[in-house]
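First up is the structure itself, then whatever we jot down about it.
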Amino acid sequence: MIALVDCNNFYASCERVFQPRLEGKPIVILSNNDGCVIARSDEAKALGVKMGAIAFMNREFFEANGVQVFSSNYTLYGSLSNRVMRKLGSFCNNIEYYSIDEAFLDFSTHPYQNLEQVGFDIKSQVVSEIGIPVSVGMGPTKTLAKMANRFAKKTKKQIGVHLLDSADKIAEVLAFTEVADIWGVGPQYAKLLQKNGFHTAADLLNAPEEWVRKNMSVVGQRTFNELKGIRSIAMEESPAAKKNICVARGFGQLINNKAELQGALANYVSIVAEKLRKGMLCTKQLHLFVETNQHRAQDEQYYRSIDVALPVASNDSTELLHYANLGLDRIFRPGINYHKVGCMALDLIPENQIQFSMFDAQNRLRKNTMMKALDNLNIDLGKNSVQFASQGSGKNWHLRQEKCSPCYTTRLQDILTIQI
DNA sequence: TCTGGGGTCCTAGGACCC
DNA sequence: TCTGGGGTCCTAGGACCC
C-alpha cells in the first residue's frame, strides 16, 4: 500500500497555526505581488472564492464578507512543511517528499497490521503536534492513493482517511472521480477524454490501451496502468538532481530604466548563485529573459531572451553577475515598460566535476572562499545582509506584499511571546 | 496601480554522422 | 541516371505537477 498524506488548505492552515482567531474564518492567500488567490480555506471556498481570483477585483467582496487576506509567506510555509515532513518520516522510512504539502509513504515493506489505524494516527498526531490538519489516502499505486485522498476530502471530511483495500472500494472511487481530477490528467487531456466519451476514471479504464498510448503518450499510459493497480510511477525517495534553477519575478511596479532592471536582475542572479552553491552545483549556461505585462494592452509588448555560455562552469556570484549583465545589454531595449525579468541556470553539473580551462584567468579557489564567507555572513546575520553593489538599493521593483504575516518560526523578532 | 513562480518529462523534427 | 537506412544529438513546443 502507498499512502498520500496531504495538508488541508496548507497555506491557510499555516496562517492559522499562530493566529487561532482565524479559526472558522474565511482566509485567502495571494500570489507574489498580491496578484491573485493561490490558496483558500474551506470557508473561503464556501463563499465561492475561486482559485486564481484577481485580488484587486475582489477587494470589496473580501471586505464585505470578512475574508482575511494574506500575502504569501513562503518562509513560514517552508518551515512548517519541514515539521510536518519530519513527523511523517517517523511513521515510514520509505517516503517521498512530493511537494511543500504532500508526501507519499510506501508501506509495502512495513509490518503494520492495521493501516487504517496508522492513517488515523498520522492525522491526529500531525494536527495535535504541529497544528496542521491533513488527509490520508491509501491505495495500491500512487495514482490510486492520490484518488483515495481526494475522495476522503470530498466525501468524509471529518474522518479524513480513506483506504482502498478491496476491489469494491477501488471501483467506488474510480466511478466517483471525473477524468479531469485524475492525477496526471490536465485540462487538455481531460477535454480530449470527454470528447471521446470517457467521463470518469472508471470510463477511462475501458479505453483501449493503444488509444491511450497514441493520444496521451507514455505518460498517459502510465497513469492508465496505475488506475488498474499496476505500479508504474516509482517512489522517488531521494530528490532527483536538479537540471536547472530559475528565479524570475514580476515587479511590484513597471520599470522602464535600465539601471533598475539591472538591479532587479542582479538580485535574481544572486539568488540563483546562492541556490547553486547550496546544491553544490555549477552552471555552464545562463538563460536570461525580460518581458512586458501582457495584460496591459496600452503598452508595447516585448519579450526577449538570450543564452549566455560561461567559459568555465561556475557558481560564483560575481562571475554570474558579470555574464548576466552582458546578456542584459543585448536584450534590453529602451522605451519599454518592463514587468518581469528572470535568470535561469542551465547545464548544471556537480561542483567537483568542473572541466577547467587552460586559459582561465580567474583565481577560483580564492573566489570560492569569498563566496563561502558571503553565504555564512548571510546565514549568521540574516538574508541579504551582505549584497553586491549591483543589486542596488532603490528596489522599486520589489514585490508588493502588503499583508504578510510574521515569520513566527524563523525570525527571532517574530517569535510569539506569551503572557502567563 | 493591480492578472504567480517554480519545475519535470515527452515528442517531433531537423541536423548531422557513417 | 540517381535520392538508403540507421543512429545520435539538439531544440522547441506541449503536456503535466504543485
Side-chain angles (χ1 to χ4, degrees), chain A residues 4 6-7 9-11 28-39 50-60 62 69-74 77-78 81 96-104 142-143 146 149-150 179-193 212-223 226 232-234 236 239-255 268 271-272 275 279 285 287 289 291-299 305 307 337 339-348 396-403:
Chain A
L4 186 265
D6 183 319
C7 302
N9 312 324
F10 183 54
Y11 297 169
V28 298
I29 287 83
L30 304 181
S31 64
N32 276 346
N33 286 319
D34 296 346
C36 63
V37 172
I38 57 167
K50 294 273 180 282
M51 195 72 171
I54 312 301
F56 77 91
M57 289 164 66
N58 287 281
R59 185 158 301 158
E60 285 171 17
F62 291 157
V69 180
F70 292 90
S71 306
S72 29
N73 180 348
Y74 290 106
Y77 311 151
S81 171
E96 172 183 341
Y97 304 103
Y98 178 63
S99 77
I100 193 163
D101 72 332
E102 280 173 75
F104 288 104
K142 284 171 130 182
T143 306
K146 269 270 197 187
N149 184 294
R150 182 171 173 280
V179 285
D181 298 319
I182 300 171
W183 185 48
V185 176
Q188 298 305 314
Y189 288 156
K191 218 189 291 172
L192 176 81
L193 289 169
V212 175
R213 173 68 182 84
K214 186 160 168 285
N215 290 281
M216 299 169 69
S217 90
V218 301
V219 183
Q221 194 180 19
R222 277 199 280 265
T223 298
E226 288 251 315
S232 309
I233 303 175
E236 313 265 350
K242 279 215 191 303
K243 295 184 174 155
N244 45 58
I245 288 174
C246 174
V247 176
R249 245 146 255 168
F251 307 133
Q253 47 186 275
L254 296 171
I255 293 183
Y268 303 162
I271 299 172
V272 167
K275 287 187 177 187
Q285 199 174 33
H287 177 83
F289 62 90
E291 65 187 58
T292 44
N293 185 344
Q294 300 168 42
H295 301 286
R296 285 177 56 94
Q298 68 271 43
D299 282 358
S305 69
D307 290 338
N337 284 330
H339 168 247
K340 186 176 188 177
V341 60
C343 168
M344 210 184 295
L346 311 173
D347 285 345
L348 306 189
N396 281 333
W397 46 269
H398 249 337
L399 290 181
R400 190 175 24 249
Q401 280 190 309
E402 289 171 358
K403 318 226 154 140

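In what follows, chains are A, B, ... by sequence order, proteins preceding strands, each numbered from 1.
- With A:Ser31 contributing its side chain and A:Cys36 its backbone, the two residues share a donor-acceptor pair below 3.5 Å.
- Checked against B:dC10, C:dC18, B:dG4, the side chain of A:Val218 finds its nearest nucleotide in B:dC10.
- Phosphate proximity of B:dT8 to A:Asn244: present, with a side-chain N or O under 4.0 Å from OP1 or OP2.
- Of the candidate nucleotides B:dC9, B:dT1, C:dC18, B:dC9 has the atom lying nearest to any side-chain atom of A:Arg222.
- Among the heavy atoms of the strands, none lies under 4.0 Å from A:Leu254.
- Going from atom CG of A:Asn215 over to atom C1' of C:dG14 covers 15 Å, rounded to whole Å.
- Of the side-chain N and O atoms in A:Lys340, none sit less than 4.0 angstrom from OP1 or OP2 of B:dG4.
- Look at A:Arg213 and you won't find any side-chain N or O under 4.0 angstrom from OP1 or OP2 of B:dC10.
- If you take NZ of A:Lys214 and C1' of B:dT11, they are 14 Å apart, rounded to a whole angstrom.
- In this structure, CD1 of A:Ile29 is placed 18 Å from P of C:dC18, rounded to the nearest angstrom.
- Following rounding to the nearest Å, A:Lys142 (NZ) and C:dC18 (P) show an atom-to-atom distance of 12 Å.
- Taking the ring centroids of A:Phe62 and A:Phe56, they lie at or beyond the 6.0 Å cut-off.
- Two residues, A:Met57 and A:Val219, neighbour DNA chain B, and the one matched to the more 5' nucleotide by heavy-atom proximity is A:Met57.
- Contacts of A:Glu102 with the nucleic acid, taken as non-hydrogen atoms under 4.0 Å apart, involve only primed sugar atoms and P, OP1 or OP2.
- In this structure, A:Asn293 reaches the sugar-phosphate backbone alone: every heavy-atom distance under 4.0 Å involves primed, P, OP1 or OP2 atoms, never a base.
- Phosphate proximity of B:dC2 to A:Arg296: present, with a side-chain N or O under 4.0 Å from OP1 or OP2.
- Minimum atom distance to the side chain of A:Tyr98 is reached by C:dC18, of the listed B:dC9, B:dG7, C:dC18.
- Looking at heavy-atom distances under 4.0 Å, A:Lys146 makes contact with sugar-phosphate atoms alone, never a base.
- Residue-level contact check: A:Ile271 touches neither bases nor backbone, having no heavy atom under 4.0 Å from any strand.
- In the set B:dT3, C:dC16, B:dT11, B:dT3 carries the atom at the smallest distance from any side-chain atom of A:Arg400.
- Within the 4.0 angstrom heavy-atom criterion, only backbone atoms of the sugar-phosphate kind lie near A:Gly250; the bases stay farther away.
- Within the structure, every side-chain polar atom (N or O) of A:Asn33 is placed at least 4.0 Å from both OP1 and OP2 of B:dC2.
- As a whole-Å value, the separation of A:Lys403 NZ from B:dG4 C1' is 18 Å.
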